[in-house]
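Only one structure is covered here, and it is reproduced in the block below.
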Amino acid sequence: MVDQTQSPDVVTALQSTTASARESVNLVNPSDPDIAVGFRPNNTNGTLLAAAGYNTTGFVPVVAGNPYSFSSKDYLAWYDTSKTFISGTTNSNAALTVTAPAGAAFARASAKTSAPDYWAGFQIEAAAAPTKFEPFGKFLLTSEVKKESLNGDTLETSSIPLRAAKYLSPSKNFYNKFA
């Protein structure tokens, strides 16, 4: 089976013969080593608290004074450039768009691992309103890929034909730290 996710290396390699790769609006990196599975941020001091059914993002870069929208929001903590706690909100603050406070350089937010919040579809974006989920990273829109970039083959909607996937190599890592 060929994985449907486009690796950043593949996207970079194809950029010279395709339309430009686009950065996702999603700022939550699922590979961030600071992700805390089974924890939520303490909204009064920024430390992590053990909490079954919650996961917390790594340190998401933000700009003080800018709006940030969340696909769902539970606990949220803001940190300065040295990752020192500034302020936070509880899960009773249901606003999906908040403004980063003065001095903020990072945010950490939690999401429940079950409905209705679903960690798997969690998204934070620099925007005044939340939009449809996008995976983190760079990606190519299939409508923008030039035929000659894939030896005459075009990308099918949501898939890559095996004959066009010569540049893909399967991952040896089957471990999913979120499963």
Side-chain angles (χ1 to χ4, degrees), residues 1-39 41 54-63 66-74 76-79 81 83 96-98 100 104-113 117-151 153-162 164-179:
M1 178 176 160
V2 175
D3 192 351
Q4 298 288 335
T5 303
Q6 297 172 354
S7 112
D9 296 334
V10 171
V11 171
T12 301
L14 287 174
Q15 280 183 327
S16 62
T17 57
T18 66
S20 296
R22 182 170 83 73
E23 290 284 336
S24 170
V25 298
N26 193 348
L27 301 174
V28 178
N29 180 353
S31 299
D32 189 322
D34 290 323
I35 285 176
V37 176
F39 290 85
Y54 288 87
N55 289 342
T56 297
T57 66
F59 290 91
V60 175
V62 298
V63 176
N66 285 1
Y68 290 87
S69 291
F70 299 76
S71 56
S72 65
K73 188 165 67 60
D74 215 75
L76 170 65
W78 301 99
Y79 304 85
T81 55
K83 298 181 180 171
L96 291 179
T97 300
V98 294
F106 298 98
R108 289 188 92 175
S110 62
K112 293 178 183 168
T113 57
D117 298 331
Y118 287 122
W119 170 256
F122 190 51
Q123 176 165 290
I124 300 173
E125 58 189 300
T131 62
K132 181 180 171 188
F133 176 80
E134 290 182 358
F136 173 84
K138 292 182 178 181
F139 62 92
L140 299 171
L141 298 174
T142 55
S143 60
E144 295 180 354
V145 176
K146 295 179 184 175
K147 285 184 95 166
E148 55 275 7
S149 69
L150 296 172
N151 299 322
D153 292 316
T154 57
L155 294 174
E156 306 290 330
T157 302
S158 302
S159 68
I160 300 174
L162 287 175
K166 296 173 191 163
Y167 55 85
L168 293 176
S169 59
S171 173
K172 294 177 184 175
N173 184 3
F174 294 106
Y175 177 73
N176 179 349
K177 70 179 183 179
F178 303 110

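Because only heavy atoms are used, hydrogens play no part in the values below, and waters and symmetry mates are left out as well, while side chains stay in. Since the structure is predicted, the reported quantities are computational estimates derived from the model, not experimental observations.
- Qualifying side-chain contact (heavy atoms from CB on, under 4.5 Å) partners for A109, counting only residues two or more places apart in sequence or in other chains: F70, L76, F122, I124.
- Panel note: side chain S69, backbone A127; a donor-acceptor pair is recorded below 3.5 Å.
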Practice task
Decide side chain to side chain contact (heavy atoms under 4.5 Å, CB included) for K112 and Y118; before the verdict, give the C-alpha distance in whole Å, the side-chain angles of both, and the deciding distance to 0.1 Å.
Solution key: CA-CA 6 Å; K112 293 178 183 168; Y118 287 122; over 6 Å; no

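- Looking at T56, its side chain does come within 3.5 Å of a backbone N or O of F39 through a donor-acceptor pair.
- Note that CZ of F133 and OG of S71 are 8.0 Å apart. Values are rounded to the nearest 0.5 Å.
- Take E125 and apply the side-chain hydrogen bond (donor to acceptor under 3.5 Å, both in side chains) test, not counting sequence neighbours, and it matches Q123, T131.
- With contacts defined as side-chain heavy-atom distances shorter than 4.5 Å, the pair F136/N29 qualifies.
- When side chains are defined from C-beta on, P130 counts as touching T97, because their heavy atoms get closer than 4.5 Å.
- Contacts of A100 classified as side-chain contact (heavy atoms from CB on, under 4.5 Å), with partners at least two apart in sequence or in another chain: V62, Y68, W78, A104.
- Checking side-chain atoms of S110 against main-chain N and O of P41 turns up no donor-acceptor pair under 3.5 Å.
- Applying the ring-ring contact (aromatic ring centres under 6.0 Å, His included) criterion to Y79, with sequence neighbours excluded, gives F59.
- Residues W119 and I35 share a closest heavy-atom pair of CZ2-CG2, 3.9 Å.
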